Each structure stands twice: as structure tokens, then as C-alpha cells.
Amino acid sequence: MNLFKRYLGRKAALPAPFGAEWTAAEEGSGNTGSRKMFLRRFRKHKLAVAGVAVLGALIVCAILAPIIAPYSPTAMTDEFGAAPSWKHLLGTDPVGRDQLSRLIYGARVSLSVGIGSMLIASVIGTVLGLVSGYFGRWVDNVIMRVTDMFMSFPYIMLILVVASIVGPGLTNIILILGFLGWPAVARLVRGSVLAVKQTDYVKASVALGYRTPRILFRHVLPNTVAPILIFATSGVAGAILDEAALSFLGLGVQPPDASWGNMLASAQTLTVLTSQPWLWVPPGVLMIAGVLSINFIGDALRDALDPRNNK
Amino acid sequence: MRNSELKDAVGSASVRSAGEAAPLLELDALQKHYPVRRGLLNRPQSSVRAVDGVSLAVRQGEALGLVGESGCGKSTIGRAIVGLEKPTGGRILFEGEDMAGYSEAKLRNARTKLQMVFQDPYSSLNPRMTVGSLLAEPLRVHGIVPKPDAAREVDRLLDIVGLPRNSQDRYPHEFSGGQRQRIGIARALALKPKLIVCDEPVSALDVSIQAQVLNLLKDLQQEFDLTYLFIAHGLGAVRYISDRIAVMYLGKLVEVGPAKELFLRPKHPYTKALLDAYPVPNPQLRNRERIMLQGDAPSPADPPRGCRFHTRCPLATPQCRESEPELKGDGGHAAACFFPL
């Protein structure tokens, strides 16, 4: 094949412009390059970096709960409603359970609800959004009208009704929030798919004779991942708040199991609010810290994953 | 011979004499109308006739240039051939067979023989895949080479289009426009196609890179016995690469002929106008007689009656306003004009 030689030979003797093309593209070399760029952009958000630290600490606490918690979260001691002391760093609740231990175990609940329900919502929403956007026509119409239906219900009411039917509990909360959270994801994904569908590389994959599932999952999906990831991150924060609200209302995680939400429920009386702040300040602060961290991370992801941002 | 050439140029399947080799690709009165939906009920009110009855034959091994203004339907034809658009009328015959009746699986298989090089090299490559996986994917999906040989085949493809082998691990955004277009060409070649539709493959590139890519396409044609349908609006590129040229205006063919012949002696006033619009480097030729077009092409949603070009044609007569001329001519050079130049 003398054609090879011609082109290979030609390349070696190519004048400056051709070589210049390479240097221009030098900056990000392969996967490591784009990863480096992502990290650099992410690190610009100081708050998000702090958020990663806080969230990391929370996750470690949640995983290692049995090791670092000084007491069992459900074991009752002989001190009822005691103020913080060396024996109970954050005091005890009215039935004598150690607040610090309950707080640590509560992180498990909050994080698993947040991450678990958002995973379910993202998977359902992504698949439906992909199908809806890619196939269009009546498929799109049906899926989007169902989505509208889900979105038009008063959200918290719907959750309350479903929770009262299937019963409270950690698993049920995750499932309920997951199965009710997908419509927003589906809409988001559909929007991105409509844009990606028009690109030449999707048309090329049709012309190359690929099957539809391959086109959807190998060519369309990877190019819609960034908005999904950003949305899912803030969705985790939302789900944590939803769980807290449900537990506060008594339909979430049931006592004696600890969750930040049902710990806050004790702050419903004036005496607790005024004279026993150790019962409600720590769970409240942790929840704010957790949700804020996740939202900051989401913001940083949005900036770092946006390909138009080339700083 | 003259006669058969004429018929090929006109491309009508029914009148081809027996024993003559069938063209590789044949368009038979191809139509693509897009409905225009308006009003409350969203019912189609009228249609945009992007392609309105085009018959054209592409012979094995030739490069047929398809030119025309933007919006004349040339890209729609290209997309219909590779199956990205469903024609609303007419037939597309590849190797004498109509692909419209194919089953899903057979169609996917047939598509390997018809590939496309896209206009915009910045959007035709999946930004999330490395060049290596972009090129290996078609090989794997269609089982072109045994699995262990895939990497070597990708190297070979990169060699063919003149890119370094270490491009495999890089992402498309690391390449320049010309290099990306080479990747796009390599991807089209991966399936060992017989016909490649080049949809303005160089118009998005710098002029200095255009020639390199055109040279590559020309070399590849000889090396692999490829047939091209080369779509473009710039006459320079088309002239360089095409054996024959077809000129389109408002969804119809106005002239078909051998490239040299068409450039030297255009028959249709529109073709002449296109050629005259091209700047001539020789200042002594500046005072030649030229046809200059005024205004824009009419909307394909509401094409003029009679000859579609009559609204802008300096030579139009009452006859042109009334009836539509057929594509006719001799020696393989045909024009759709009552008064060919």
C-alpha cells in the first residue's frame, strides 16, 4: 500500500501549520487531561471543597456508626433529658437515650434516604426521558403527560397519603421518594436528548447501522450525563429534607430508630425549645450543613462539567 | 452509446436497454416533502417540497458532484440515501434493489455499504469516545474483522487517513477540524462501503486544509474503488473531485453532465449563473458576458409554476412561466430548459 507511505511520509515532512495543530490540542491529553481540567475547575469553588469535606465526614460517620457511637442509639440510660456532660457529650433525650449516638445513626438514615431515593428517581427518570426524547411522537406524548400528572399533585400531600398506605419505615421512605421523584429527571433528560438527537454523531451512528439501544446508551446517554449528575446532586439534598419533614410529621422513620427528622420532632414543645436546646440544635445544624454541602457541590459540578466553560 | 449515456444521465430505470450494467445507485423520482403544520388542529396544511422528483444514477466508481444553493434539497437527497430520511415518494435503488422493502436486520446490513461523511467535523464525532473506540465500534458491531484484529484494523484506518497511530487514545476535541474530518472519513471507511455520500465535507474547513482532505478523498477513491456522491455548494471542490456534476435548483435537477463539459459549456442558465458567480483570477476575463442572479430563491413551500427558475432567469419567456421543462439532452449532458444555452 503505497498510499500509506505517501501519507505517512507526507506527515513527517509537513510544514508548520500541521505541527501547530498538535500543540493547540496538547493541553488536555486524553482522559487524564479532561479529568485534570475538571478538578481544576471544581477546586475553584472553595465552598464546594469544604462541602466535600463535610459530606465526607458525614459519610464516614454513617458507615462507621457502630464503632464511633459511644452508646447504642436505642439503649436507655438512667439520665433522662440530661444536659451535655462528659458522660453524654450532647446530653440525653427525655427517655434517656444518648443524643450523640442517635445523631450519628441518624446520618445513616439521612444519607441513605437521600442517595437511595435519588438513585431510583434518576434511573427511572433517565430511562423514561431517553425513550421519550429519542422516539418522540406518541411515545413522547404519553410519557410527558404522565409526567405532568405526577408533577401536578401536591407533592407533600401525595407522599403523606402513600406513606400512610404502605406504612412508614426507612425502606418505604426511600421507595416513595424515589418513585415520586422521577418526573423532574425525566423532563430534564428529555430536553437534553432532544438536543443531542439532532447532532451529526447520533445521525452517523444511525447511518453506521447500530441498533437503537446502542445508540441510546452509548451515544445519547453519555452526552446527557452532566445535567443528570448536577440535578441528582441537588435532588439528594431535597430528599434529605423530605425525609426530615416526613419523620417530623411522624410518617417517616419510626422511633425508637433515630433520624434527624424525628429527633427534631421533639422540638415541638416550648419547654424543649427554650430549656433543652441540645435536643434540637445539633440535628438541625447537621441537616443544614449536609444540605448546604450537597448544594455547593452541585453548583461546582455545574460549572466544572459545562463544556462551554474553558477556564 | 450516446443514447445509453443519455438515459443514464436522465436516470430512468424503465428505459434502460437490456445487458447494460445497472448503476450502483439510482434515484427514481425521489421526493421528500415536509408537512407544514399550522392552526389549532395541528393538521398538515401544505408541504415544503425539499426534493421534488429527482431521478439520478450514480455509476460504479465515479464521483458525482451534486451542487446547488442552500435549501435546494441536495443534503436531503444525501440523507435519504443513507437512510436518515424517509422519502415521501419515489425509490432509491442500490445495486438495483429498493431498500424500502428491507427488514430491519437486512437494512442495517445494507447500510454498511452506504456511508456518509458529514459537513461539520465538530459535531459528527461523539465527544465522549476516544478515537480508537469511535473507529473500533463499527468494526465490532458488524463483525468486519475478528475481535483480536480490531486494534490492528484501527491502526490501519488511521494510517490510511494519515493520522498518527497514537491518536487512538485521544478524544475528538483534541484534534483540529481537518484532523477530525479525517477521523470521520476513517469511520466511514471502517465498514468497507461501496458508496460514500460526502455532505459538504470540506466547507467547514480552512481553505488550506480543504485541499488536503480533497486529495485524501481522491486517493481513497482510487485505492478502494469507491463511488462518491459529493454534495457541495462550492464549485471549486466539486470541480476538483467530480467526474460528473448534477445541478439542483429548488428540489429539482436542472442540469446533469460530465464535469469538464458542464464547466465549459453549461446548458442551463442557472448553471451558467453559478459558474459566473465564481470569481475569476484572470483580470482580462472580467468583462466576459455573465449571468448575475438577483434576489433569493423562491420558497420550496410554494415553488413557482412552470420552470422553477423562471422568476430569476434573464432569458425567461411566457412558455417558461406556463409549463415545466423536462430534463433532456445528448451525450450524457442534459438540461431542464426549453432554451438551452
Side-chain angles (χ1 to χ4, degrees), chain A residues 1-12 14-35 37 141 195-215 217-226 305 307 310, chain B residues 79 82-84 104 107-112 114-130 133-134 137-138 141-142 156 159-164 169-179 184 187-188 190-191 197 199 206 208-209 212 215-216 219-220 222-224:
Chain A
M1 309 222 104
N2 59 358
L3 187 68
F4 291 6
K5 283 186 203 132
R6 262 189 67 194
Y7 276 95
L8 286 174
R10 187 184 290 181
K11 186 170 55 65
L14 267 174
F18 206 83
E21 290 174 32
W22 278 111
T23 49
E26 210 58 32
E27 192 170 334
S29 73
N31 211 0
T32 52
S34 50
R35 204 165 289 160
M37 188 132 75
N141 257 322
V196 171
K197 193 171 82 165
Q198 296 302 324
T199 58
D200 283 345
Y201 58 84
V202 171
K203 292 188 176 155
S205 53
V206 175
L208 285 163
Y210 299 163
R211 284 165 203 274
T212 310
R214 169 177 288 273
I215 297 173
F217 291 104
R218 293 266 301 166
H219 295 269
V220 178
L221 182 59
N223 289 290
T224 57
V225 147
L305 288 175
N310 268 324
Chain B
R79 285 201 302 270
V82 295
L84 295 175
E104 183 92 350
L107 189 65
R108 261 201 304 275
N109 205 24
R111 281 195 174 152
T112 62
L114 286 165
Q115 281 304 309
M116 184 150 180
V117 173
F118 289 85
Q119 173 177 10
D120 181 4
Y122 291 90
S123 83
S124 62
L125 303 173
N126 186 342
R128 307 252 166 205
M129 286 170 86
T130 60
S133 49
L134 274 171
E137 192 177 25
V141 168
H142 292 284
R156 197 180 76 91
D159 289 346
I160 290 174
V161 297
L163 286 173
D169 305 321
R170 293 168 168 258
Y171 284 84
H173 71 90
E174 298 174 49
F175 293 88
S176 69
Q179 291 170 325
R187 180 177 61 184
L191 295 176
V197 175
D199 188 1
D206 287 347
S208 55
I209 310 292
Q212 290 180 8
N215 276 330
L216 172 65
D219 289 339
L220 292 175
Q222 282 171 5
E223 182 88 8
F224 299 106

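Every value quoted in this text rests on a predicted model; they were computed, and no experiment measured them. So you know, we letter chains A, B, ... as the sequences are listed, proteins then strands, and number each from 1.
- Residue B/L191 touches chain A through its side chain alone, counting heavy-atom pairs closer than 4.5 Å.
- Top candidate by heavy-atom pairs under 4.5 Å with chain B, chosen from A/V202, A/V196, A/V206, is A/V206.
- Counting only residues at least two apart or in different chains, salt bridge (charged side-chain N to carboxylate O under 4.0 Å, His left out) contacts with residues 202-215 of chain A comprise A/R214-B/E137.
- Interface residue B/L114: only backbone heavy atoms are found under 4.5 Å from chain A.
- Proximity of A/H219 to A/Y210: side-chain heavy atoms (C-beta onward) are separated by under 4.5 Å at one or more points.
- For the set B/Q222, B/M129, B/M116, the count of heavy-atom pairs under 4.5 angstrom toward chain A peaks at B/M129.
- Counting heavy atoms from C-beta on, the side chains of B/Q115 and A/L208 come closer than 4.5 Å.
- Contact count versus chain A (heavy atoms, under 4.5 Å) is highest, among B/S208, B/G83, B/P127, B/G184, for B/P127.
- By the 4.5 Å heavy-atom criterion applied to side chains, B/N126 and A/R218 are not counted as neighbours.
- Of all the listed residues (A/G209, A/S205, A/P222), the one sharing the greatest number of non-hydrogen pairs under 4.5 Å with chain B is A/G209.
- Taking each heavy atom of A/D200 and B/S124 in turn, the nearest pair found is CB-CA, 3.5 Å.
- In this structure, chain A has heavy atoms under 4.5 Å from both the backbone and the side chain of B/S123.
- Most heavy-atom pairs under 4.5 Å with chain A, from the set B/V82, B/N109, B/L84: that is B/L84.
- With sequence neighbours excluded, no residue satisfies ring pair (Phe, Tyr, Trp, His ring centres under 6.0 Å) with B/Y122.
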